[in-house]
Structures are given as structure tokens and as C-alpha cells.
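What follows is a single structure, written as C-alpha cells, with notes after it.
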Amino acid sequence: MAELRDILYKVSLVSASGDMTKDIRSVCFDSRKAAKGALFVAVGGTQVDGHDFIQKAIDLGATAIVCQRLPEEINSDVTYVAVKNSAEALGIVASNFYGNPSANLKLVGVTGTNGKTTIATLLFTLYRKLGYSVGLLSTVENKIDAEIIPSSHTTPDALQLNELLATMVERGCEYCFMEVSSHALDQFRVAGIGFSGAIFSNISHDHLDYHKTFDAYIKAKKLLFDGLSSDAFALVNADDKRGKIMLQNTKAAKNTYALKSMADFKAKLVSNTLQGIELEVDTKNVWFKLIGDFNAYNLMAVYGAAVLMGEDKEDTLTALSSLDGAEGRFEVVESDADITAIVDYAHTPDALKNVLETIAEFRTGNEQVITVVGCGGNRDASKRPLMASIACKLSDKVVFTSDNPRDEDPDAIIKDMKAGVSAVDYKKTVVLADREEAIKTACLLAGAKDIILVAGKGHEKYQEINGVKHPFDDKEVLGRMLNLFAN
């Protein structure tokens with residue numbers, strides 16, 4: 001519980017009417033969750049507009065309303081606060097209501113198209129290994145030390161986020177590592193949050209269904225760095241030309257990492273095998289369990305961030321060398337078959353290219369690379385032909401299938417993908433919309449020593465079809481099929 005005027009601290013007000021000293025028992029932006037003594041924040045959305053539900057919230061007990069447009073009917077018992085931006089106000093209000101938890105944590109945000117989950121997860125695991133109490137907010141899961149809290153979005157809504165951060169503070173967490181999506185930044189879900197540091201991995205084709213233009217997508221990512229204070233650090237990938245853009249206008253200390261360019265934290269890739277990678281870092285050769293040069297970048301981002309936060313270089317490298325990667329990220333599936341089977345979350349053209357190029361580096365040339373790939377429904381359709389083209393160019397056989405079709409026809413999605421396949425590559429392809437049948441077929445097509453890549457879903461344990469999430473685990477299906485045919 002807190003006074004209304006206190007939880008409106010730092011919110012840009014246009015007007016206010018009513019008692020500003022009343023106690024607020026809860027905050028909500030879903031009118032169905034309104035209760036006695038609640039503050040309801042009316043936020044406009046793509047599907048529904050919270051302003052249409054102000055009266056419903058009042059009927060359920062809300063005693064204060066934050067909105068961009070005042071309703072025609074004014075209730076004298078209710079306090080109305082008009083603001084410039086309701087979504088931004090919600091973030092600030094949520095932070096104030098939960099006691100500004102980010103101010104009591106060293107909170108590091110990770111943004112970029114690919115690598116966010118691996119970087120955030122490695123930082124979490126590293127700091128746990130170094131003896132700290134730590135929180136994690138990621139696509140795969142949210143964690144408070146050893147406790148797992150399931151997640152449904154890359155970044156929770158503003159209320160969930162601040163409640164989680166407040167719980168971390170209560171539990172004694174010193175650090176929290178958090179994926180920050182472009183959607184969350186654009187929708188002000190992290191408004192009011194104070195970051196101690198921010199990391200930029202890379203940026204490539206993704207989410208144009210939402211952002212419409214690549215420039216808008218870049219600008220959304222940049223908001224994380226624009227909001228940093230002078231006490232924070234900014235760490236960007238210098239080998240991505242947009243890294244410099246992220247650093248423009250930030251007040252934070254500017255730092256870079258790279259494999260190719262001059263950088264504050266630089267590594268040289270010495271060897272790359274299916275067992276791991278060897279990097280030369282600060283004149284030392286270090287072996288890591290992770291695979292691929294894209295993971296070399298992820299490791300350098302983690303190393304750089306840890307050093308910037310005061311950790312010893314040698315202790316950090318020693319601890320990092322013992323860590324595994326994030327679930328569903330270039331994860332080798334064990335089986336009885338003499339086949340290398342890999343599951344990866346790659347769901348963008350650049351990520352798929354990185355994974356297949358990594359496979360190409362450690363194959364001898366005699367094996368077949370068989371790729372199972374689909375594209376999500378109700379998402380950026382322009383990347384579908386690009387992903388199909390990349391899969392065909394870098395594989396010997398490709399099985400096109402469904403990913404999470406959501407409300408789209410899987411066959412229509414696959415048709416969009418096939419538009420990117422050249423006449424020469426067409427003979428490499430097989431189409432099976434049923435994902436389990438597609439994985440089964442890839443296993444039947446594979447011979448001894450061949451390599452199977454199942455791309456797109458990674459850690460996910462479901463397949464979303466017509467609004468329903470059906471249990472489905474690529475790793476489980478792939479392992480089961482390989483063992484079935486091996487025996």
C-alpha cells in the first residue's frame with residue numbers, strides 16, 4: 001500500500017482531480033483485476049484500449065484512474081490523473097509501487113537480435129558460480145537463484161517485472177541479468193527501471209511485422225542505451241556496425257567487445273570443434289564448452305560485463321570455461337544413433353546462417369547436413385523466403401515444416417518459404433507440415449556420421465496452433481526418433 005502521490009513520482013502529469021493522498025492497495029492495467037482501493041492505468045493497445053474499460057474498473061473498486069483521455073462521466077469519489085503517455089506512466093508507477101527495486105540491484109539488460117538468452121544465462125550462471133545471489137529474466141525462464149519461475153514473454157509486463165525484481169531484492173539478490181526485447185522497449189515495459197549496465201549483441205532481420213522498418217527496430221533497441229545513467233556501463237559488439245549507433249547519446253561509460261575489430265575486450269578464435277571452442281583472451285588460451293564463433297561473441301560480452309563490474313579477469317575466465325550454454329541453443333541431442341543431432345532456437349535468417357556455418361566448420365565434407373526448419377505464424381513474413389534460401393544453400397537436404405503456425409495456415413507459411421528456393425536447390429527439399437513427421441523423416445534420411453539440425457524452437461516445450469499450445473519438445477522428439485531407428 002502507498003499514497004497515490006508517491007507512486008506518481010516522476011510521471012509526466014497533464015492534469016489531476018481528486019484526492020492525491022489516498023492509499024492505493026494495488027495497481028492494474030487489466031480492468032478485470034481491479035479491486036477495492038486499486039489504481040487502474042488505462043493503456044491503449046493494438047487489440048483493445050484500456051480507456052474503454054475505465055468504468056468497469058471503477059465498478060470493481062478502483063478509486064484512482066491514470067489515463068491519456070479523461071472519460072465523459074466523472075465519478076466524484078474517484079481520482080483522475082491525465083498523463084502524456086499511459087504506457088510509460090504504468091512502468092514508472094509500477095516501479096514506485098514496488099519500492100523501486102532496480103535501485104537496490106545491479107541490473108544488467110541484454111538486447112540484440114541473437115544471443116540475448118545465452119548472454120543473460122551465462123552471466124547468471126557465472127555470478128552464481130562466483131558466489132553471488134542472482135536473478136535471471138529470460139525467454140527460457142525467470143530464476144531467483146535455484147528457483148525457476150516460468151516465463152511467457154522475453155520481457156514481462158511492467159507490473160510483473162517490478163514484482164519479480166522486488167522479490168529478488170527481498171531474497172537478497174545482488175545482481176539480476178535480464179533480456180530486454182525491442183517490443184518491451186517500444187511499449188515502455190521497462191520505463192522507470194534503472195539499469196546498471198546494458199549489452200548489445202547484434203542486430204539483423206527480425207520483428208519487422210511489429211516495427212515495420214529496420215530503422216524503427218534499431219531505434220527501439222537503442223532506447224535501452226539512451227536511458228542509461230552516467231554511473232552505468234554500455235557494452236556493445238564492435239564487429240556489428242550498429243554497435244556504434246547504440247553508443248550515440250548514451251551517458252554511460254562506453255565499451256566494446258569484438259573478434260575482428262579493435263575493442264576494449266577482444267578475443268581470437270583459435271579452434272572451433274563440436275566439443276567446444278578455444279579463444280585467446282588477454283594473451284591466454286582458454287577452452288570453453290560452447291560451440292561456434294557466435295558463442296565466442298557471447299562469451300566476450302559476458303567476460304567484458306563481468307570485468308566492468310569489478311570481477312577479476314582470471315577468476316572470470318576460469319569460471320566461464322566450465323559453463324554450459326543456454327537450453328536449446330546449439331544443443332547436441334544424445335542418442336544411440338551414429339548421427340550428430342543439434343537443436344537450436346535459430347528463428348531469424350542471420351541466426352540460421354550462423355548455426356549452419358558453424359556446422360560447416362567442423363564437418364569433414366563427407367557427411368550430409370539435413371536441416372528441419374519452419375517459420376512462425378502471425379510474425380514477420382518477409383524473413384520466410386530468406387530462411388528457406390539459407391537452409392538450402394548451407395544444407396544437403398532440407399525438410400520444410402511448421403514452427404508455431406499460431407493462427408496461420410501452415411501450408412501457406414511453407415509456401416512463403418518455398419518462394420526463396422532456387423530451381424537448383426528445389427530438389428533438396430521435402431515438405432511435411434506435421435513437425436513430428438518432419439523430424440522423423442530427417443532421421444530416416446540420415447546415415448552414419450550425418451548431421452541433423454532442427455531449427456526454430458529450441459527450448460520451447462510446445463507448438464502453438466490456432467491459439468492452443470500443444471506439448472511439443474524438439475529435443476525429446478529428435479532423441480526418440482533417433483533411438484527408434486538406431487534400434
Side-chain angles (χ1 to χ4, degrees), residues 91 101-102 105-128 134-144 148-158 160-165 168 173 175-191 193-204 206-207 210-211 217-218 220-225 227-228 232-237 240 246 257 290 294-295 297-299 301-302 304-306 309 323 325-330 344-348 350-351 379 457-460:
S102 61
L105 285 165
K106 289 182 181 176
L107 176 63
V108 177
V110 185
T111 198
T113 304
N114 302 311
K116 294 189 298 294
T117 301
T118 298
I119 292 169
T121 303
L122 282 172
L123 278 164
F124 170 81
T125 313
L126 170 67
Y127 271 72
R128 287 268 288 158
V134 193
L136 172 69
L137 296 168
S138 79
T139 306
V140 177
E141 60 192 4
N142 299 323
K143 296 183 86 170
I144 300 175
I148 298 171
I149 303 162
S151 64
S152 57
H153 296 88
T154 304
T155 312
D157 68 53
Q160 293 171 333
L161 172 58
N162 280 279
E163 185 177 16
L164 277 166
L165 293 175
M168 290 176 188
C173 289
Y175 293 85
C176 176
F177 303 106
M178 172 182 174
E179 288 186 56
V180 186
S181 69
S182 57
H183 293 71
L185 289 159
D186 187 65
Q187 294 166 8
F188 298 96
R189 276 185 256 161
V190 293
I193 297 293
F195 288 94
S196 300
I199 300 169
F200 168 75
S201 59
N202 52 65
I203 199 160
S204 63
D206 200 14
H207 300 308
Y210 176 86
H211 295 288
Y217 180 40
I218 293 169
K221 296 286 189 191
K222 188 176 180 296
L223 290 171
L224 178 60
F225 295 86
L228 294 174
F233 72 84
L235 178 61
V236 304
N237 179 356
D240 188 305
M246 297 298 136
Y257 66 95
L290 280 72
F294 56 92
N295 271 321
Y297 282 104
N298 295 335
L299 286 161
V302 173
M309 289 188 286
L323 302 185
E327 182 185 4
R329 271 64 176 177
F330 212 98
D344 193 89
Y345 188 55
H347 61 284
T348 67
D350 195 53
R379 296 293 187 269
K457 290 173 57 58
H459 65 281
E460 293 177 351

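Residues take their numbers from the sequence shown, with the count starting at 1.
Here the side chains of Leu136 and Asn142 are not in contact, with every heavy-atom distance at 4.5 Å or above. Inter-residue side-chain proximity for Ile203 and Tyr217 is flagged as met; some heavy-atom pair is nearer than 4.5 Å. The closest side-chain heavy-atom distance from Cys173 to Val134 is not below 4.5 Å. Taking the side chain as every heavy atom from C-beta outward, Val108 and Met309 approach each other to under 4.5 Å. For the pair Leu107/Ser102, a side-chain contact is recorded, criterion being any heavy-atom separation below 4.5 Å from C-beta on. Two residues are said to be in side-chain contact when any heavy atoms from C-beta on lie closer than 4.5 Å; Leu290 and Leu122 meet this criterion. The side-chain heavy atoms of Asn202 and Tyr297, taken from C-beta on, include no pair separated by under 4.5 Å. Side-chain contact between Arg329 and His459 is present, with heavy atoms from C-beta onward closer than 4.5 Å.
In this structure, Lys116 and Val110 approach most closely via the heavy-atom pair CD-O, 3.7 Å. Closest approach of Ile199 to Phe225, counting heavy atoms only: C-CZ, 3.7 Å. Of all the heavy atoms in Met178 and Val190, the pair that sits closest is CE-CG1, 3.6 Å. Looking at every heavy atom in both residues, Gly109 comes nearest to Val180 through CA-CG2, 3.8 Å. Across all their heavy atoms, Tyr257 and Ala301 have their closest contact at CZ-CB, 3.6 Å. The minimum heavy-atom distance linking Glu179 with Ala120 is given by the pair CG-CB, 4.2 Å.
Ring pair Tyr345/Phe330: centre-to-centre distance not below 6.0 Å.
Side-chain contact, Ser196 with Tyr175: no donor N or O sits under 3.5 Å from an acceptor N or O. In the model, Asn114 has a side-chain atom that pairs as donor or acceptor with a side-chain atom of Thr348 under 3.5 Å. Looking at His183 and Arg189, their side chains never bring a donor and an acceptor atom within 3.5 Å of each other.
Of the inter-residue distances, the one linking Leu123 atom CG with Ser138 atom OG reads 12.0 Å to the nearest 0.5 angstrom. Within the model, atoms CD1 of Ile193 and CG of Leu165 stand 5.0 Å from one another, a figure rounded to the nearest 0.5 Å. In this structure, CD in Glu460 is found 9.0 Å from OG1 in Thr139, a value given to the nearest 0.5 Å. Note that CG of Asn295 is 5.0 Å distant from CG of Asn298, once rounded to the nearest 0.5 Å.
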**Request:** Would you sort out whether Leu224 and Phe195 count as a side chain to side chain contact (heavy atoms under 4.5 Å, CB included), showing the intermediate values?
**Result:** CA-CA 9 Å; Leu224 178 60; Phe195 288 94; 3.7 Å; yes
**Criterion side chain to side chain donor-acceptor pair (under 3.5 Å) on Asp350 and Thr113, from CA distance to verdict** = CA-CA 9 Å; Asp350 195 53; Thr113 304; over 6 Å; no
**Request:** Take Ser181 and Thr111 through the side chain to side chain contact (heavy atoms under 4.5 Å, CB included) test and state the conclusion after the steps.
**Result:** CA-CA 6 Å; Ser181 69; Thr111 198; over 6 Å; no
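In terms of modelled atom types and a separation under 3.5 Å, the side chain of Gln160 and the main chain of Asp157 share a donor-acceptor contact. Although no hydrogens or angles enter the test, the distance criterion places a donor-acceptor pair under 3.5 Å between the side chain of Asn237 and the main chain of Ser201. Counting only distance, with no hydrogens or angles, the side chain of Asp186 and the backbone of Ser182 share no donor-acceptor pair below 3.5 Å.
Under the rule for a side-chain contact (heavy atoms from CB on, under 4.5 Å), the partners of Thr125 that lie at least two apart in sequence or sit in another chain are Thr121, Leu323.
Remark: Lys106 NZ is loosely packed, at most 12 non-hydrogen atoms of other residues, nucleotides or ligands lying under 6.0 Å away.
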